[in-house]
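Heads up, the thing below is written out as structure tokens.
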Amino acid sequence: MEPVGMEMNNSQQHSSDPLPFARSYQLEALEKAIKQNTIAYLETGSGKTLIAIMLLRRYAYLIRKPSPFNAVFLVPQVVLVEQQADAVEMHTDLNVGKYWGDMEVDFWDDAKWKQEIDKYEVLVMTPQILLNGLRHGFFKINMIKVLIIDECHHARGKHPYASIMTEFYHRQLEAGVSDLPRIFGMTASPINTKGANSADSYWQKIHELETIMNSKVYTCVSESVLAQFVPFSTPKFKFYQDMEIPYVLYARLVQELNVLKVKHECSLDNLDLEASAAESTRRKISKIHSALIHCLDELGVWLALKIQIGPSLMMLKPVWMMGFLPQKFYALLNLFLNTGNTVFTKWVLRDIRCIIFVERIITAVVLQSLFSELLPKYGNWKTKYIAGNNSGLQNQTRKKQNEIVEEFRKGMVNIIVATSILEEGLDVQACNLIIRFDPSPTVCSFIQSRGRARMQNSDYLLMVKSGDFSTHSRLKNYLTSGDVMRKESLCHASDPCSPLSNDLCDEEFYHVASTGAFMTLSSSVGLIYFYCSRLPADGYFKPTLRCIIDKQMGVCTLHLPKSSPIRTVCVKGNFKSLKQKACFEACKQLHQIGALTDNLVPDIVVEENDVEEIGKESYNDDQPIFFPPELVNQDSQESMTKYYCYLMELKQNFGYEFPVQNIILLVRSQLEMEAKSVGIELEVDRGTLTVNLKYIGLIRLSSDQVILCRRFQIALFRVLMDHKAEKLTELSDLTSGNNSEIDYLLLPSNYMGQNPVIDWLSISSILFSYEKVWKNHVNCNAGMIQTKSGLVCTCMIKNSLVSTHNGRTYIIDGLLNNINANSLLTLSDGGVMTYKEYYEQRHGIHLCFSRVSFLAGRHIFPVQNHIQRCKKQKEKESSNAFVELPPELCDVIMSPISISTFYSFTFLPSIMHRLESLLLATILKKMLLDHCVHNVAIPTMKVLEAITTKKCLESFHLESLETLGDSFLKYAVCQQLFKKHQNHHEGLLSIRKDKMISNTTLCMLGCDKKLPGFICDEPFDPKGWMVPGYNCGRHTLNEEKLNTRKIYVSGRRKLKSKKVADVVEALIGAYLSTGGEVAALLFMNWIGITIDFRNIPYERHFEVQAEKIVNVQHLESLLNYSFQDPSLLVEALTHGSYMLAEIPGCYQRLEFLGDSVLDYLITRHLYNKYPGISPGLLTDLRSASVNNNCYALSAVKAGLHKHILQSSQKLYKHIKETVESFQELSLDCTFGWESEKSFPKVLGDVMESLAGAIFVDSGYNKETVFRSIRPLLEPLITLETMTVHPVKELNELCQKKHYERRKPIVSHGNGVSSVTIEVEANGEVLKHTSTACDKKMAKKLASKEILKSLKLANFC
């Protein structure tokens, strides 16, 4: 394989015509390929890829989208995917997709592949990907129009190239299918073996390739045709004398290596390792021993030593090396050190570009080290090596390999020591010397490595040991093989392709008609192992199958992992294919019960892809803010407007000089209130204010009265908001046609007898005029007083709103009879002057009425957020609350109106905000009732709590309900999945659970019901409150439909998807806490989560004699429960590592169920036990009570660890360590956070699986479970015994004290994790690193130590 190395005019239009720079033989090959399936047998560098590209251009009209067809370009190595894809993209306008294993394509499903096939026209991939895709039915062979196979000489035996052709192409061909892909193969040698003894033998091998590819070989008549375009290197032999290592030294070193191997193998017996781990380690020791022996045999003592101590070893004299460095290496060195060598005479030394091919990676590494040490001293040459990227010696990435090749092209690297990766891998065109340090193993390897020398007059040097006639003869045959293969191919060019022999295509197969998925005996082995690898595992076992073959009986028994729905498969047959037949039968059975899908992939793969796709669902965080329709303007042409009246009774629960006044709310639509009255409590800095809202009847107002009321409330609120009277002049323009969208009235109230009535006197204060006052008070005895705009009766100036010379407004409480312009004023600096002097000096105002008493003016009350959570501490009234005002500087705006009215109105924005929220909560509640046939009673306040986030800073928020709802949702879904899918293993159940209750799913469901618009997610800002009746242009309402209901959108805001999901869970919790499980299930059904709690019979296939396996009597006594089916007890105690066939399953399914049951029971218990607890504390209590360490310690305390059925040495060791740790803890404590070690998850799992077993056995009675399991968990965590998790405690402390908590530094190695926590507090940096078996524990321990340091330094 080689990429296209020719320049192309960028202005050229892509078409189906051949490229203008194509050579004659390329055009000839293209013509053949268009007519029939063809294998292009041409030398490396001859431009085979260009032929393939021209073929793609010719077929482009068939594959261009939206065509359902594609072209597939197969390459044998991952490194070639991008190289060939880039070439196709350069010379065509086709869309090219690239695929290799690291993209995790093994886990793609049909939907994902369909997206790729619909998007791209040419798919470049490694062959195993296409083979898997065909076998799973993701690809159809007849949907591929062109199939290009690079390095097609690999198409033999069980190679994926061969399997693609035999399993799919030839089967379709034999079935008479005509629309099969055009096959185009490319190779530098159609033979991939050590060669042949005769021309007939060569033809036989070429014929085999033609048959399996169903293609005819095309090649040039002779090498001379290609030589016009492609440089050929000159082959030369370099013979060297072999000198063995001194035998005594060699024998001693081998003996010591053998002793070392035995020593390490024996040490395994003293280690507490499982059998599989011990065997794996033993194989590694043997592999290392073999590598060292190879180093000694092939590399010599000196180079073997370099491997051990590294490349820093000092150069030894060549004479001394003679006995310790093999002559082969010395001969190679001599080629470069002896610059008079004829190999180098034609090249300027600095222009050397040499590739040395070796067989093993270790040899490449050592040679590079040797050359890097020696050659710079002689020729200033730089050497690097390229080997497979999975080398255990040094991991070399593909990026690194490409960088080395680029340096080689530019002359920055002169010599590359390479394995076969450069034979048919990276493109290297700058090479002028090839040295075969190790002989080519095959004809193909010989031809391909020779072809790497691309420059004119390049050399191909073959190193052969003197006297090795066999190798010499083989290499000479290789030299002539090209002509022989070319001749034989041309001789048989007109022969038709032979049909495939029966033994290659008659393998037993299984076909799924609906998808086209296909399985053979041989492919079933990989499939069953893949299925097992996707079953649930933990740190103590990996699910795998066991195969037991009885040779005498000809029987194979396959034991699948306990989590598989099929546990045992037994077949009879031919010994050679027994295992394949058993795997084949197992896969068939798994497909028939649905464990393998119709695409013959594990069901969990499809489910995981579904979850991934759900996670990719786009969410628009720009969400509406709803506004209740009851408070929106209702157009009416009636002369008398009807209003519904609601009395707001305000009750001060604190002492203050100004009493509050009741308020009447007038709305055009009756409020949907669940009770006759609604109570609201406000937070005031002096205490609390209680508001009771109740309906008091209907009232009709004339248009003039409506206008008057609107003017009054707008004026009052504008003054309260702005503390100025500038905009009040606009109010005189109000007409009866209200153009504001927010339409309700808030009016002061007084009493007529026992009945509340509107305080029209205060409302009429907006009509104040000097002219009317003068006329109405001519005969008043109170006397007149001069103001800025004229005389006013003294009785009217009291309880009025005035505006002063500086535009500020004040409420007048009365006259200050002892203060006038001549009175002394004490300044802030201690100085004294008269008020008259003060106004003249500070404001340039001359006071004319020196003896007129000043007015007692009070600053306007601030409008605050009174529903926000705050500290209840009594604040002293500011000493500057009252000011002395000269009447002549005051202009009366409203009168008469009391300070109490102003004070009462400051609470109304908060009251109305709460009322708006309650009305929205009511609408949300009614939406469910519209859908539900049952009457679900739930307090509106509970719904409001569920839709209010912590960010609102109110006295309640959704966290407690979310915690409760989350646990019930998990419990309900897990129970349904467990009952409904009785053949599903725990992994599949967990995936399905996550799919149903993930945040993404819950958010989508919430958005479908338009929940985001109801959510309260911002603290109330009185400044942004919409004043009813006042159209300032800031607020526009848009109508929106909620099924049959109408609602309005007042604005938009950013809302995170998780908050929508949290609200869904909180609403489940709200319905659960007030209406029970039935109400919660009804809400879940409305939101889109359908749960059916019907008691589905649990069909158990678990036939064991429990009494013979576990101590049933003791365990029942411990659990205080008698099992109707004791086999549940066995299942609950069986770990997946326990492979004895007598127990057909393990605890994973019961643990899945029991986990949700215990979580719900404990959460419900805590919620009911602490009804008034703050939401955050409930979450902490739940986290402290429901965790693995807590359960694990309870299991150890009860002695349950003694009854677990398992066969993992590692687990046994960890349980033993846990028991020892338990002895160090308080026996009264089951709270796991006190421990400084992580306990095996298996111990916690067993507690959960036992809960699941009791739940199933008792007919799904959760109360029975709690009665049984609770004593084992005692003492349960309480508020008094709870300790905050160190990580959370540190986070909260840093937030509170504003300490800088830097990002933790995490590292992993040798099976442990280290976490470094760093905090900067008061200028001092505190840092600690902790190491533990997992990251969570290490982070906890480090946080714990930082907290200790902070406390010691008094920084807490």
Side-chain angles (χ1 to χ4, degrees), residues 536-541 963 966-967 970-971 974 986-987 990 993-994 1132-1133 1135-1137 1146-1163 1166 1179-1201 1203-1204 1206 1208 1210-1222 1224-1226 1229-1253 1265 1269-1270 1272-1277 1282-1288 1312-1313 1315 1332-1341 1343-1344:
D538 61 24
Y540 304 105
F541 88 105
T963 301
D966 169 65
S967 67
K970 178 180 167 185
Y971 159 77
C974 288
E986 179 268 336
S990 294
K993 176 199 73 176
D994 293 342
L1133 292 168
H1135 182 251
S1137 63
C1146 63
Y1147 66 58
Q1148 290 170 344
R1149 276 180 52 86
L1150 289 176
E1151 178 250 325
F1152 167 82
L1153 178 64
D1155 170 34
S1156 66
V1157 175
L1158 275 185
D1159 185 0
Y1160 171 51
L1161 287 171
I1162 292 173
T1163 304
L1166 294 171
T1179 305
D1180 289 342
L1181 274 171
R1182 181 202 188 191
S1183 298
S1185 304
V1186 182
N1187 64 76
N1188 183 69
N1189 275 10
C1190 182
Y1191 290 166
L1193 287 178
S1194 297
V1196 171
K1197 188 167 73 170
L1200 289 172
H1201 61 283
H1203 301 275
I1204 298 174
Q1206 56 90 16
S1208 166
K1210 183 180 177 183
L1211 176 56
Y1212 174 80
K1213 180 181 176 182
H1214 284 182
I1215 289 176
K1216 183 180 178 184
E1217 291 173 355
T1218 302
V1219 174
E1220 292 170 354
S1221 298
F1222 177 74
E1224 301 168 8
L1225 293 172
S1226 167
C1229 175
T1230 55
F1231 185 38
W1233 290 343
E1234 279 82 359
S1235 172
E1236 297 190 353
K1237 293 182 180 179
S1238 290
F1239 303 134
K1241 185 175 180 296
V1242 173
L1243 291 172
D1245 289 348
V1246 165
M1247 287 293 292
E1248 292 168 339
S1249 64
L1250 285 170
V1265 175
I1269 298 295
R1270 178 175 177 173
L1272 303 183
L1273 300 176
E1274 293 287 2
L1276 291 176
I1277 308 301
M1282 184 184 71
T1283 58
V1284 181
H1285 195 287
V1287 175
K1288 182 178 182 183
V1312 296
S1313 298
V1315 175
C1333 60
D1334 62 76
K1335 186 178 77 172
K1336 284 185 178 180
M1337 179 58 71
K1339 189 175 181 181
K1340 182 188 84 172
L1341 295 177
S1343 300
K1344 201 172 183 180

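Excluded from the calculations below are hydrogen atoms, water molecules and symmetry mates; all remaining heavy atoms, backbone and side chain alike, are included. Small disclaimer: the values here were computed from a predicted structure and weren't measured.
The only member of Gln1206, His1214, Lys1210 that meets side-chain hydrogen bond (donor to acceptor under 3.5 Å, both in side chains) when paired with Tyr540 is His1214.
Across all their heavy atoms, Met1337 and Ala1332 have their closest contact at CG-CB, 3.6 Å.
Taking SG from Cys1146 and CG from Asp538, the interatomic distance works out to 9.0 Å, rounded to the nearest 0.5 Å. With rounding to the nearest 0.5 angstrom, the CG atom of Leu1161 is 9.5 Å from the CD1 atom of Ile1269.
With sequence neighbours excluded, the residues that form a side chain to side chain contact (heavy atoms under 4.5 Å, CB included) with Ala1253 are Phe1123, Leu1128, Ala1132, Leu1150. Among residues two or more places apart in sequence or in another chain, the salt bridge (Lys or Arg N to Asp or Glu O under 4.0 Å) test is passed with Asp1159 by Lys970, Arg1182. Remark: Glu986 engages Ser990 in a side chain to side chain donor-acceptor pair (under 3.5 Å) (not counting sequence neighbours). For Phe541, the ring pair (Phe, Tyr, Trp, His ring centres under 6.0 Å) partners are His1135, not counting sequence neighbours. Under the side chain to side chain contact (heavy atoms under 4.5 Å, CB included) criterion, Thr1218 pairs with Val1196, Phe1239, Pro1240, Leu1243, sequence neighbours left out. With sequence neighbours excluded, the residues forming a salt bridge (Lys or Arg N to Asp or Glu O under 4.0 Å) with Lys1241 are Glu1151, Asp1245, listed by chain and number. Evaluation of the side chain to side chain contact (heavy atoms under 4.5 Å, CB included) rule for Ala537 yields Pro543 as partners, not counting sequence neighbours. Judged as a ring pair (Phe, Tyr, Trp, His ring centres under 6.0 Å), and not counting sequence neighbours, His1201 has no contacts. Residues passing the salt bridge (Lys or Arg N to Asp or Glu O under 4.0 Å) test with Glu1248, sequence neighbours excluded: none. Residues forming a salt bridge (Lys or Arg N to Asp or Glu O under 4.0 Å) with Lys1288 (at least two apart in sequence, or on another chain): Asp1180, Glu1292.
Between Leu1272 and Leu1250, every side-chain heavy-atom pair lies at or beyond the 4.5 Å cut-off. Side chains of Lys1344 and Lys1340 form no contact here, defined as non-hydrogen atoms less than 4.5 Å apart.
Listed for the Asp966 side chain is no donor-acceptor partner under 3.5 Å among the backbone atoms of Thr963.
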